[in-house]
Amino acid sequence: MLSRPRGTRDMLPDEMEQRREIEARMRAKARTWGYREVSTPTFEELELFTIRSGEGIIDEMYVFEDKGGRSLALRPELTAPVLRTFVNEGRSLTKPIKWCYYADCYRYERPQKGRYRQFWQFGIELIGADSAMADAEVMMVADELLRTSGVTFVMKIGHLSFMRTLLKDLPAEDQKKVRSFLDKRDTDAASAFLSETGRENLADPLQQLISARTLDEVFTVIGEIPEADRIRETFRILDSQGIQYEINPAIARGLDYYTGVVFECFAEGLGAENQILGGGAYRLAHLFGGEDTPSVGFAIGFDRVMVALGEKIWMPFQPHVTVVFTPEARDRAVAVSHELRARGIICSIDLMGRGFSAQMKNAGKSADYVVIIGEEEVKSGKATLKNMKGGEQQTLSLDEVITSLTAQ
RNA sequence: GCCUGGGUGGGGUAAUGGUUAUCCUAAGGGAUUGUGGUUCCCUCGAUCUGGGUUCGAUUCCCGGUCCAGGCCCCA
């Protein structure tokens with residue numbers, strides 16, 4: 001027997017309905033902020049991703065050559081494709097551009113809890129705005145999208161200027177190393193690295209900085225930097241709206257193209273893979289041949305949100321109806337089921353050639369209500385509505401049946 | 001790429017170097033041709049895969065694979 005590829009999942013209807021519910025809530029929220037959905041190809045030129053993240057990621061991607069000899073890759077994330085789309089198609093659009101997306105991505109990695117080779121991301125990109133309001137808005141959208149899903153999380157916010165100021169005398173390579181230690185929450189290794197490279201004088205300030213939890217503490221360590229006003233303004237906006245967050249200067253997001261604010265959200269109960277959202281301010285458009293354009297965005301690890309939510313997803317109740325009929329009433333029963341569906345009622349009818357009793361038995365397993373159409377109902381033009389939970393039933397006109405079912 | 005632990009019907013399980021591999025559940029059918037869920041009966045259905053040891057392997061050994069968790073990585 002064939003099985004599915006490693007790191008992929010099959011999703012049955014119960015799970016899909018839950019995913020669609022959460023996805024719909026996120027989309028609806030993003031739309032209320034004015035973020036409109038875009039879609040990009042499942043595969044792209046390999047170069048799009050190596051420009052963004054370096055050659056090292058080739059090993060972690062699904063890379064292939066097509067019949068024309070092009071090097072292609074299944075998208076491992078969506079920020080680069082969306083920014084490429086902006087460069088290709090979006091130059092003449094009014095700024096700021098506010099886009100959102102929900103799509104599957106592919107990475108060739110070892111599967112773990114909450115980590116699969118095909119996974120889904122929901123994200124937004126705010127392109128062409130460069131302000132405290134822009135930074136704050138994107139974080140507020142992040143907060144609201146996670147909140148609407150029902151997941152319990154904490155948001156941690158940092159800013160690259162903190163670490164950049166502290167480490168400004170180090171060569172770029174060494175700065176990157178320190179950032180990457182911090183990204184792994186390995187502060188001891190970061191301190192050790194500073195000592196090895198003859199910068200032990202920075203070890204203490206580094207410790208102070210990464211344990212700072214207020215802006216005042218941060219600026220006490222690194223001084224009043226030029227970005228300070230904008231950063232204070234950003235947090236004032238968040239505070240004014242009651243957004244919950246933690247300042248954490250260790251949030252460094254190991255990548256070079258981030259330029260300003262960076263933030264990550266974490267959920268409980270997810271083991272090693274507990275980050276459910278990551279984002280920040282960045283500049284990418286110029287790498288893809290466009291104008292240098294400031295952007296802010298984030299991506300939600302949708303599957304991890306679903307794992308974190310577990311069973312606690314509230315689903316709207318929609319009654320399932322089965323039309324049960326006797327052989328001579330079949331055509332009327334089909335017509336009745338059409339009418340119920342036309343009113344948006346979920347309605348099934350026997351397709352197995354079962355007898356009346358067997359139809360009832362089957363309906364007892366899957367339906368909330370049964371609508372009975374037999375000889376009597378055909379004659380009277382009525383229908384019998386039976387509640388399968390309580391067992392009570394009454395014969396009504398079809399309109400009354402519909403009213404009763406849609407009043408739920 | 002590395003480490004640890006697992007893999008018995010669709011789901012959950014029992015047992016065993018040896019005769020027909022246990023039980024529960026689900027599914028399908030029937031008892032019951034206009035009234036289901038309870039009950040009873042019947043049916044279907046499994047030792048992940050390849051190799052080795054052995055008279056005989058589902059059991060023991062090795063490789064692979066898949067699953068769970070961790071490391072690396074995490075755009």
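Convention: sequence-line order gives letters A, B, ...; per-chain numbering from 1. Not measured: the values here are computed from a predicted model.
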Exercise. Write down the distance separating the C1' atoms in B:G18 and B:A26, rounded off to the nearest Å.
Key: 33 Å
Quiz item: When the C1' atoms of B:U59 and B:C2 are considered, how many whole Å apart are they?
Solution: 30 Å
Quiz item: If you check the A:Ser357 side chain, which of B:G36, B:A75, B:G28 turns out closest?
Solution: B:G36
Quiz prompt | Separation between the C1' atoms of B:C23 and B:U33, rounded to whole Å | solution = 36 Å
Quiz prompt | Polar side-chain atom of A:Arg107 near backbone of A:Pro76 as donor-acceptor pair, under 3.5 Å | solution = yes
Self-check item: Counter-base of B:A75, judged by Watson-Crick or G-U geometry with both distances under 3.5 Å
Solution: none
Self-check item: Residues within residues 280-293 of chain A bordering RNA chain B, heavy-atom distance below 4.0 Å
Solution: none
Exercise. Please state the P separation for the pair B:C60 and B:G5 - nearest whole angstrom.
Key: 14 Å
Quiz item: Just checking A:Lys386: base, sugar-phosphate only, or nothing, at a heavy-atom cut-off of under 4.0 Å?
Solution: base
Quiz prompt | Electrostatic pair A:Arg115:A:Asp303 at N-O distance under 4.0 angstrom | solution = no
Self-check item: Distance in angstrom units between A:Met388 CE and B:U35 C1', rounded
Solution: 8 Å
Under 3.5 Å, which protein N or O atoms sit close to an N or O of nucleotides 2-6 of chain B? Give each pair with its distance.
residue : atom : partner  : partner atom : Å
B:C2    : N4   : A:Arg110 : NE           : 2.5
B:C3    : N4   : A:Arg110 : NH2          : 2.7

Quiz prompt | Nucleotide forming a Watson-Crick or wobble pair with B:U43, both distances under 3.5 Å | solution = B:A27
Quiz item: Tell me: CZ of A:Arg332 to C1' of B:G34, nearest whole Å?
Solution: 17 Å
Self-check item: Flag, side chain of A:Thr148 to backbone of A:Glu144, donor-acceptor distance under 3.5 Å
Solution: no
Practice problem: For A:Glu377, report the nucleic acid contact type (base, sugar-phosphate, nothing); a contact means any heavy atom under 4.0 Å. | Solution: base
Self-check item: Separation between the C1' atoms of B:G9 and B:A15, rounded to whole Å
Solution: 16 Å
Exercise. Classify the side chain of A:Gln393 versus the base of B:U35 as yes if they form a donor-acceptor pair under 3.5 Å and no if they do not.
Key: yes
Quiz item: What are the two closest heavy atoms between A:Tyr102 and A:Glu37, and how far apart are they?
Solution: N-OE2, 3.8 Å
Exercise. Kindly point out which of B:C71, B:G36, B:A27 is positioned nearest to the side chain of A:Gln112?
Key: B:C71
Quiz prompt | Ionic contact status for A:Lys95 with A:Asp130, cut-off 4.0 Å | solution = no
Quiz prompt | Distance, P atom - from B:A68 to B:C62, rounded to whole angstrom | solution = 24 Å
Quiz item: Does A:Lys113 place a side-chain N or O at less than 4.0 Å from the phosphate oxygens OP1/OP2 of B:G69?
Solution: yes
Practice problem: State the pairing partner of B:C55; accept Watson-Crick or G-U wobble contacts with both distances under 3.5 Å, and report none otherwise. | Solution: B:G18
Quiz item: What residues, two or more places apart in sequence or in another chain, satisfy side-chain hydrogen bond (donor to acceptor under 3.5 Å, both in side chains) together with A:Asp368?
Solution: A:Lys389
Would you list the atom pairs, donor with acceptor, under 3.5 Å between side chains in residues 319-330 of chain A and any protein atom, with sequence neighbours excluded?
residue  : atom : partner  : partner atom : Å
A:His320 : ND1  : A:Gln318 : O            : 3.1
A:Thr326 : OG1  : A:Glu328 : OE2          : 3.2

Practice problem: Could you check whether A:Glu376 gets within reach of a base, just the sugar-phosphate, or nothing at all, counting any heavy atom under 4.0 Å? | Solution: base
Self-check item: OP1 or OP2 of B:G28 under 4.0 Å from side-chain N/O of A:Lys361
Solution: no
Considering only distance and modelled atom types, tabulate donor-acceptor pairs under 3.5 Å from the side chains of residues 151-169 of chain A, sequence neighbours left out.
residue  : atom : partner  : partner atom : Å
A:His159 : ND1  : A:Ser161 : N            : 3.1
A:His159 : ND1  : A:Ser161 : OG           : 2.8
A:Thr165 : OG1  : A:Ser161 : O            : 2.6

Exercise. Check the distance between B:C73's P and A:Asn274's CG and give it to me in whole angstrom.
Key: 16 Å
Quiz item: Do A:Asp174 and A:Arg199 sit within salt-bridge range, that is, some charged N less than 4.0 Å from a carboxylate O?
Solution: no
Practice problem: To the nearest Å, give me how far apart OH (A:Tyr62) and P (B:A75) are. | Solution: 19 Å
Quiz item: With A:Arg213, which residues qualify under side-chain hydrogen bond (donor to acceptor under 3.5 Å, both in side chains), at least two apart?
Solution: none
Quiz item: Between atom CZ in A:Arg107 and atom C1' in B:C74, what is the gap in whole Å?
Solution: 6 Å
Self-check item: Length of the CE-P vector between A:Met360 and B:G34, whole Å
Solution: 12 Å
Quiz prompt | A:Asp10: side chain to side chain contact (heavy atoms under 4.5 Å, CB included) partners, not counting sequence neighbours | solution = A:Arg4
Quiz item: Mind checking what makes side-chain hydrogen bond (donor to acceptor under 3.5 Å, both in side chains) contact with A:Asp59, not counting sequence neighbours?
Solution: none
Quiz item: So which heavy atom on A:Gly290 is nearest to which on A:Arg91, and how close?
Solution: CA-NH2, 4.0 Å
Quiz item: Quick one: on RNA chain B, does A:Asn387 or A:Gly114 contact a more 5' nucleotide (nearest heavy atom)?
Solution: A:Asn387
Quiz item: Looking at residues at least two apart in the chain, or sitting in another chain, which of them share a side-chain hydrogen bond (donor to acceptor under 3.5 Å, both in side chains) with A:Arg84?
Solution: A:Glu44, A:Asn88
Distance-only criterion, 3.5 Å: show the donor-acceptor pairs between side-chain atoms of residues 372-379 of chain A and protein atoms not counting sequence neighbours.
residue  : atom : partner  : partner atom : Å
A:Glu377 : OE1  : A:Gly374 : N            : 2.9
A:Glu377 : OE2  : A:Thr384 : OG1          : 2.5

Quiz prompt | Spacing of A:Ile276 atom CD1 relative to B:A75 atom C1', expressed in whole Å | solution = 18 Å
Quiz item: Which residues within residues 5-17 of chain A lie with some heavy atom under 4.0 Å of an atom in RNA chain B?
Solution: A:Arg6, A:Gly7
Exercise. Over all heavy atoms of both residues, which pair between A:Ile57 and A:Phe49 is shortest? Give the atoms and the distance, please.
Key: CD1-O, 3.3 Å
Quiz prompt | Gap in Å between the two P atoms, one belonging to B:C74 and one to B:G12, rounded | solution = 35 Å
Quiz prompt | Inter-nucleotide C1' distance (B:G52, B:G69), Å rounded | solution = 30 Å
Quiz prompt | Nearest-Å distance for atom pair CZ/C1', residues A:Arg115 and B:A75 | solution = 12 Å
Exercise. Answer with base, sugar-phosphate or nothing: what part of the nucleic acid does A:Gly278 contact at a heavy-atom distance below 4.0 Å?
Key: nothing
Quiz item: Between A:Arg25 and A:Glu21, is there a side-chain N and carboxylate O pair less than 4.0 Å apart?
Solution: yes
Quiz item: Tell me, which of residues 348-356 of chain A have any heavy atom that sits under 4.0 Å from an atom in RNA chain B?
Solution: A:Arg354, A:Phe356
